[in-house]
Chemist: 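If you scroll down you'll find the structure; I have some questions about it.
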Amino acid sequence: MPAQKIESGHNDTVHDVSMDYYGKRLASASSDTTIKIIGVSNNSTSQHLTTLTGHQGPVWQVAWAHPKFGSILASCSYDGRVIIWKEGNPNEWTQAHVFTEHKSSVNSIAWAPHELGLCLACGSSDGNISVFTARSDGGWDTTRIDQAHPLGVTSVSWAPSTAPGALVGSGMLDSVQKLASGGCDNTVKVWKLYNGNWKMDCFPALQMHTDWVRDVAWAPNLGLPKTTMASASQDGTVVIWTVAKEGDQWEGKVLKDFKTPVWRASWSLTGNLLAVASGDNNVTLWKEAVDGEWQQVTTID
């Protein structure tokens, strides 16, 4: 489909945009402290639907929950708060919950795979990661990873809920609760939930970057034999991390040195394409070739 230009309506930097499950609405997060929800349609038109106000600082990220939980959006901000927004009537949003666990900027949020329930991971400049899980009575349970990255957490990403190679649809028997995080200590770490407590699942921490890790993205593994993550860094590189099976050591390989800070890395739904957004205002798409080497497919201007 042709590129579609959308006026965000924000009056300051836009830090994140997130498409809903059906690709019909965009949520955008901005330094102007607001979140805008924009309807997009196939005929290249877009329509401003609503503006959500409630944060008192720049909003860094927005994330839609799976529609099986209703119309729910999460946002995180420099103000240290995470807000869960719920849509009642169309375009009527309320703050369903405000989390104030973190004492400084919350930089990244990610909803868990829907099989694990309504569950949100948050990474903060205070060094901690919190995981909020909705209960049936409307309350929330909290688990924490204290001092996950003592200098600050920049990004969080969930592993797929089924282990690599597991049969699709084999039920919850194979479900795993794992998180990856990136931080200002230049490392990527993997965490696993054991009996209600998060424990580090990679030793040592994954270290191939020489500056802040700006983003970490766990790839979907639709039946793929290995587990893959991508990390993007201030040092200009993107590293592809792979591990063959549980308990093995992760191996890292530099995708490319972009010679400019790399902000975000994002996988396609099937996990075979990686989009990289870098400081030279380019978005490039990458694909793994049969020989295991990564090739640039295209640049999106």
Side-chain angles (χ1 to χ4, degrees), residues 15-21 26-29 35 55 59-69 72-78 80-85 96-97 99 101-102 105-134 140-145 148-149 152-162 175-184 187-193 198 200-202 206 213-221 227-232 241 263-269 271 274-275 277:
H15 297 289
D16 192 29
V17 288
S18 178
M19 205 90 169
D20 76 355
Y21 182 83
L26 274 181
S28 57
I35 295 145
H55 284 296
V59 186
W60 300 129
Q61 281 190 7
V62 281
W64 296 89
H66 190 278
K68 83 175 199 184
F69 302 109
I72 293 175
L73 188 70
S75 60
C76 64
S77 165
Y78 180 79
R81 293 191 294 179
V82 173
I83 301 180
I84 307 289
W85 308 86
H97 205 90
F99 295 109
E101 318 279 306
H102 292 286
S105 177
V106 180
N107 302 317
S108 180
I109 47 174
W111 290 106
H114 64 87
E115 297 89 349
L116 303 177
L118 188 62
C119 180
L120 187 74
C122 314
S124 168
S125 290
D126 62 15
N128 303 330
I129 294 170
S130 52
V131 180
F132 304 115
T133 306
W140 294 77
D141 291 325
T142 306
T143 54
R144 290 163 63 95
I145 307 173
H149 298 267
V153 183
T154 53
S155 57
V156 286
S157 178
W158 287 87
S161 61
T162 48
S175 89
V176 283
Q177 274 186 275
K178 275 191 185 182
L179 273 175
S181 60
C184 302
T187 70
V188 172
K189 294 181 180 178
V190 178
W191 310 90
K192 188 174 182 181
L193 193 64
W198 291 95
M200 200 159 135
D201 197 52
C202 62
L206 308 182
V213 176
R214 286 289 182 185
D215 197 21
V216 58
W218 206 304
N221 63 16
T227 299
T228 305
M229 294 188 297
S231 57
W241 303 93
W263 304 115
R264 297 296 290 273
S266 176
W267 294 96
S268 64
L269 288 176
L274 179 69

Chemist: Taking the side chain from Ser155 and the backbone from Val216, do they hold a donor-acceptor pair closer than 3.5 Å?
Modeler: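 Looks like yes, one N/O pair under 3.5 Å.
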Chemist: For the CG atom of Asp16 and the CD atom of Gln61, what is their distance to the nearest 0.5 Å?
Modeler: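 Going from CG on Asp16 over to CD on Gln61, the span is 5.0 Å.
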Chemist: Looking only at non-hydrogen atoms, find the nearest pair between Arg81 and His55 and report the distance.
Modeler: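 Of all heavy-atom pairs spanning Arg81 and His55, the closest is O-CE1, 3.4 Å.
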Chemist: Quick one: pull up CZ in Arg214 and CG in Asn107 and give me the separation to the nearest 0.5 Å.
Modeler: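 So the gap between those two atoms works out to 9.0 Å.
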Chemist: Counting only N and O atoms by type, is there a donor-acceptor contact under 3.5 Å from the side chain of Ser108 to the main-chain atoms of Val156?
Modeler: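 Here the side-chain-to-backbone pair exists.
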Chemist: I'd like to know if the side chain of Lys189 reaches the main chain of Ala148, judged simply by a donor and an acceptor atom lying under 3.5 Å from each other, with no hydrogens or angles considered.
Modeler: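 It does hold such a pair.
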Chemist: Report the C-alpha distance between Ser124 and Val153 in whole Å, list the side-chain angles of each, state the deciding distance to 0.1 Å, and finish with yes or no for side chain to side chain contact (heavy atoms under 4.5 Å, CB included).
Modeler: CA-CA 5 Å; Ser124 168; Val153 183; 5.7 Å; no
Chemist: Any side-chain heavy-atom pair from Ile145 and Leu179 closer than 4.5 angstrom?
Modeler: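 Contact flag for Ile145/Leu179 side chains = yes.
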Chemist: Can you see which heavy atom on Pro220 is nearest to which on Ser268, and at what distance?
Modeler: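 Closest pair (atom of Pro220, atom of Ser268, distance): CG-O, 3.5 Å.
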Chemist: May I ask you to test the Trp218-Trp158 pair for a side-chain heavy-atom distance under 4.5 Å?
Modeler: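 They are not in side-chain contact.
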Chemist: Nearest 0.5 Å, what's the CZ-SG distance between Phe69 and Cys119?
Modeler: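 If we round to the nearest 0.5 Å, Phe69:CZ and Cys119:SG are 9.0 Å apart.
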Chemist: Hey, does the side chain of Trp267 reach the backbone of Ala217 with a donor-acceptor pair shorter than 3.5 angstrom?
Modeler: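 Checked: pair present.
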Chemist: Could you state the interatomic distance from NE2 (His15) to CZ (Arg264), rounded to the nearest 0.5 Å?
Modeler: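 Taking NE2 in His15 and CZ in Arg264, the distance rounds to 11.5 Å.
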Chemist: For Trp111, enumerate each residue passing the ring-ring contact (aromatic ring centres under 6.0 Å, His included) test, keeping only those at least two apart in sequence or located in another chain.
Modeler: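 Checked Trp111 against ring-ring contact (aromatic ring centres under 6.0 Å, His included); zero matches.
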Chemist: State, to 0.1 Å, how close Ala74 and Leu120 come at their nearest heavy-atom pair, and which atoms those are.
Modeler: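 For Ala74 and Leu120, the tightest heavy-atom pair comes out as CB-CD2, 3.9 Å.
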Chemist: What are the two closest heavy atoms between Trp85 and Ser75, and how far apart are they?
Modeler: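 Nearest pair, atom of Trp85 first, then Ser75: NE1-OG, 2.9 Å.
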Chemist: Parallel, tilted or perpendicular: which fits the ring planes of His97 and Phe99, with parallel below 30° and perpendicular above 60°?
Modeler: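 Rings of His97 and Phe99: tilted, 30 to 60°.
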Chemist: Can you tell me how far CG of Leu26 sits from CD1 of Ile35, rounded to the nearest 0.5 angstrom?
Modeler: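 Interatomic distance, Ile35 CD1 to Leu26 CG, rounded to 0.5 Å: 13.5 Å.
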Chemist: Considering only heavy atoms from C-beta outward, does the side chain of Cys122 approach that of Ile109 to under 4.5 Å?
Modeler: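 Heavy-atom side-chain distance check passes, below 4.5 Å.
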Chemist: Does Trp64 use its side chain to pair, donor to acceptor, with the backbone of Tyr21 at less than 3.5 Å?
Modeler: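 Judged by distance alone, no pair lies under 3.5 Å.
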Chemist: What I want to check is whether the side chains of Asn221 and Thr228 have a donor and an acceptor closer together than 3.5 Å.
Modeler: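 Note: Asn221 and Thr228 side chains miss the donor-acceptor criterion.
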Chemist: Could you tell me whether a side-chain N or O of Thr154 sits under 3.5 Å from a main-chain N or O of Gly182, the two making a donor and an acceptor?
Modeler: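 A pair under 3.5 Å: yes.
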Chemist: Can you list everything that forms a side-chain hydrogen bond (donor to acceptor under 3.5 Å, both in side chains) with Ser181? Sequence neighbours excluded, please.
Modeler: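 Checked Ser181 against side-chain hydrogen bond (donor to acceptor under 3.5 Å, both in side chains); matches are His149, Trp191.
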Chemist: Can you tell me how far CD1 of Ile72 sits from CG of Leu118, rounded to the nearest 0.5 angstrom?
Modeler: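 One finds 5.0 Å between CG of Leu118 and CD1 of Ile72.
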Chemist: So do Trp140 and Ile84 actually touch side chain to side chain, heavy atoms under 4.5 Å?
Modeler: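 They are in side-chain contact.
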Chemist: Between Val188 and Ser231, what is the shortest heavy-atom contact and its length?
Modeler: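 Residues Val188 and Ser231, closest heavy atoms: CG2-CB, 3.6 Å.
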Chemist: Tell me, with the steps shown, if Met229 and Leu206 meet side chain to side chain contact (heavy atoms under 4.5 Å, CB included).
Modeler: CA-CA 11 Å; Met229 294 188 297; Leu206 308 182; 3.8 Å; yes
